[in-house]
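Okay, structure first, notes after.
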Amino acid sequence: MSISTSVLSDLLQFLPYLRPQLYFKASLTALSHAMEDQVLAATLVQPLIIASFQRERFYRQEAHRYLRLSERSNQIYVLSAPETDFTNSSEFYEKVAFEPDDALSQEWHLVVIGDNYATCLVCRESIGSIAKNQQHPELIPSLDMDTARRFEGIWTSERGVSLKAAQLLLERIVVYRPDLGDKVEEARQRFGIGKPKIASAAEQSNTYACDIDTDPFVQRLVTYLQASQYKLHKAYRSITAQARKESLINSISTAIRRSLDPHEVLQIAAQELGQHMDAGRCLIYRAQATEAKAIIEHEFLHPGVSSVLGQTWELEQNPLFREIVKLGEGVCVSDTLADPGVINSPVLSAIAKKFAIRSWLIEPVFYQGRLLGIVELHYCNPSPHECQPGELDLVKAIATQVGAALIQAEAYANLEELNQQLEALDRTRSNLIAITGHELRTPLSTIQVCLESLASEPDMPQDLQQVMLETALADSERMRKLVQDFLTLSNLESGRVEWHPESLILQECVDLSLSRMRTRSTNEKPPVITTNIAKNLPLVKADGDWLVEVIAKLVDNAFKFTPSKGEISISAMRNKQQMVEVTVADTGRGIEPNRLEIVFDRFYQEEGALRRSTGGTGLGLAICRQIVNGWGGEIWATSKGKDQGSQFHFTIPIVQSSPERGRGAGGQRGKGDKGDKGKEINKK
């Protein structure tokens, strides 16, 4: 027998004053362990413990803890959907197997009730998280998928709520295990479960004086927060390393700004890059795709490494150079003694042997698709050097700067445009420093203060401890989002994102994006959001998750700069280029005409944004541009000026229909159309 009703929904219907919160899987694990540790450390007499796991595999991760808990009580019930050998049994505690399609399979529950103590955790996995898990069951419980799971629900120590949650779960248990009726009734009578009147919070505090030591509970949460803080410190160190790389790029940018002499600029680039990469030799030279030879013009040498400055480099018979010209990408040879391309080429093997090159990295210098030169790194150590992704990204960035310097030498008339690009890089550096200081240091300080207070003030009132924990968790989440934005933009810009285009219904994507906004916390009344999506729009071709992300970020951006009395609108139409054009418009602060393009730059923020309560990283619009470009669309902004609102437009390709498969003018799908995938967006 399968039950389709949700325990969380029933609880909220019975106690409408409850307000569910959003939790991540790691947070729920910490809370559950803290509640279990409370039982193990306290002197509770035969408490009632009910734990509901979604799947047997999740239960098996915690089975050893429930063996320990069974020594404390004979009133322990563990519910799970079976996958292998989980069945109804009563060996150490009561196991209850429910149907895989039961609503419990989407929920996470833990209820602990003692004579003078009660707490409960009643949560349901979010729709988007469930949809992803259903699409990729082979990845569960992989780390990336597991940490991304999100839940909404209630965590409270209010006895009345805990008793009601226990009542709902015990009713489920009796349905699946009628043989436990007498035992369940005993628990109901002992703890007063199912009484018609739920006592108020004040009555509960007078009736149940709790003298239980909360230290194990707090210690578990503090340990979790400390682990999170360590991860944040690690992320901060990673960002600091990235800042050092940015400093290298900026030093070359500064040299370009100071001098019009390309020889001076390229020599600085070779020197700085060679030192930073700890290479034996760094070469920069001019080369065209059709040239047969090149002369080495700029060189950095590590002490003890022979020079090749001024020598002629063979290009026409160089397989690595030909591969670069053909693919338009750099080449990394980890070991010249084992690489077939080097071994089978007389030219390459002779160069590698003569100049003691053990590892070889070659990066082309392109400008607007035209090859201008080459950057080479030689590692002359006895052992091979494995090129890391971060190193390749840095060399690519330096190659970009070298390309700017070469173009500057070729066309002085374009100097003004090049200077604007360099100023944009300078703004990126300045904004990165400002954001790092504000968005990382400030919440990190708050977390540290909260943890120090919890550690040094053992007699702190419980309500104040809760405030400290919630504050630390909120700031941890704030920092996690910042790091996630950094990683997302880095993956998008480096091309490491794997796109999964599908046929989608735009209206469903908009609805899902707006549902995310409902969880947005704000102290002010949000502006009104209206939608105007034509019902006869054709299906669009895009990656569903990324499309929802673009709409959500644009709406979130409108929230930041629109007053509560303002209005945000989302509209869509088919344009002349046979694409669907989506517009997110607001009546907020507007954008000055000279800033309509730079708002999409990395780390760009409107003046004073760091002092706003909303804050932000300045990466949202840059991420949107990368995503839209990924599916072949365009994104741009329009505005009549300051305080006159703004409009953000982006285009999405239309699904190409055929006589057998497609949609007619009335918007109906053909039998073979894959547009049904659009329905999945609503499930997510």
Side-chain angles (χ1 to χ4, degrees), residues 1-23 25 28 32 49-59 77-84 86-89 94-111 120-137 140-141 145 149-156 161-181 184-185 187-188 193-194 198 508 511-512 515-516 518-519 676-684:
M1 175 181 179
S2 177
I3 304 175
S4 61
T5 58
S6 161
V7 174
L8 176 63
S9 298
D10 292 343
L11 182 63
L12 295 176
Q13 183 178 3
F14 187 82
L15 303 173
Y17 67 89
L18 295 175
R19 291 294 178 266
Q21 302 293 324
L22 182 65
Y23 299 93
K25 195 263 185 181
L28 290 186
S32 299
I49 303 173
I50 307 174
S52 178
F53 296 89
Q54 295 172 290
R55 291 287 187 270
E56 178 183 346
R57 54 179 170 271
F58 302 132
Y59 153 75
Y77 304 86
V78 176
L79 298 86
S80 175
E83 292 176 313
T84 56
F86 186 95
T87 58
N88 294 335
S89 67
E94 303 297 342
K95 290 184 182 179
V96 181
F98 56 79
E99 297 295 331
D101 58 345
D102 192 295
L104 288 174
S105 65
Q106 301 176 6
E107 300 186 327
W108 179 328
H109 307 307
L110 179 59
V111 180
C120 71
L121 180 64
V122 180
C123 289
R124 176 174 54 205
E125 189 163 4
S126 65
I127 296 176
S129 182
I130 294 173
K132 288 184 179 180
N133 291 342
Q134 290 174 345
Q135 289 177 356
H136 305 283
I140 301 174
M145 294 286 289
R149 293 168 62 198
R150 291 176 294 178
F151 296 77
E152 60 173 356
I154 303 296
W155 169 51
T156 180
V161 177
S162 301
L163 291 175
K164 185 60 182 177
Q167 177 187 349
L168 295 172
L169 287 168
L170 288 175
E171 291 172 356
R172 297 287 182 103
I173 291 172
V174 172
V175 170
Y176 284 105
R177 299 248 345 241
D179 57 300
L180 297 179
V184 168
E185 184 60 27
R188 287 173 175 163
I193 298 173
I198 300 297
E508 295 179 352
D511 292 341
L512 182 56
S515 69
R516 293 185 178 181
R518 298 191 186 102
T519 62
D676 289 342
K677 288 188 176 180
K679 297 181 180 179
E680 298 177 5
I681 295 296
N682 194 35
K683 295 180 182 179
K684 294 179 184 177

Please confirm whether the backbone N or O of [Y] pairs with a side-chain atom of [X], one donor and one acceptor, at under 3.5 Å?
| X | Y | result |
| --- | --- | --- |
| Glu83 | Arg55 | no |
| Ser52 | His109 | no |
| Glu152 | Pro20 | no |
| Arg177 | Ser89 | yes |
| Ser105 | Asp101 | no |

[Y] and [X], any side-chain heavy atoms less than 4.5 Å apart:
| X | Y | value |
| --- | --- | --- |
| Tyr23 | Trp108 | no |
| Phe14 | Leu168 | no |
| Ile154 | Leu12 | yes |
| Asp102 | Arg172 | yes |
| Thr156 | Leu18 | no |
| Lys164 | Cys120 | no |
| Phe86 | Lys95 | yes |
| Leu180 | Tyr77 | yes |

Test log, rule side chain to side chain contact (heavy atoms under 4.5 Å, CB included), inputs Val78 and Ile49: CA-CA 8 Å; Val78 176; Ile49 303 173; over 6 Å; no
What closest approach, in Å, do [X] and [Y] show between heavy atoms, and which atom pair accounts for it?
| X | Y | answer |
| --- | --- | --- |
| Ser4 | Ala103 | O-CB, 3.4 Å |
| Gln106 | Gln54 | C-NE2, 3.4 Å |
| Cys123 | Phe151 | CB-CB, 4.0 Å |
| Ala166 | Val111 | CB-CG1, 4.0 Å |
| Leu11 | Ala165 | CD1-N, 4.1 Å |
| Ile193 | Ala187 | CD1-O, 4.0 Å |

If I take atom CG from residue Leu8 and atom CD from residue Glu125, how far apart are they, to the nearest 0.5 angstrom?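 Between atom CG of Leu8 and atom CD of Glu125 there are 13.0 Å.
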Distance in Å, Leu28 CG paired with Arg150 CZ, rounded so as to fall on 0.5 Å steps: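 CZ of Arg150 is found 13.0 Å from CG of Leu28.
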Mind telling me whether Tyr59 and Phe53 have parallel, tilted or perpendicular rings, with 30° and 60° as the class edges?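 Taking Tyr59 first and then Phe53, their aromatic rings stand perpendicular (interplane angle over 60°).
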Side chains of Ser6 and Glu107: do they bring a donor and an acceptor to under 3.5 Å?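 Yes, Glu107 and Ser6 have a side-chain donor paired with an acceptor closer than 3.5 Å.
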Is the count of non-hydrogen atoms from other residues, nucleotides or ligands lying under 6.0 Å from Gln13 atom CD greater than 12?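 Not buried by this count: 12 neighbours or fewer within 6.0 Å.
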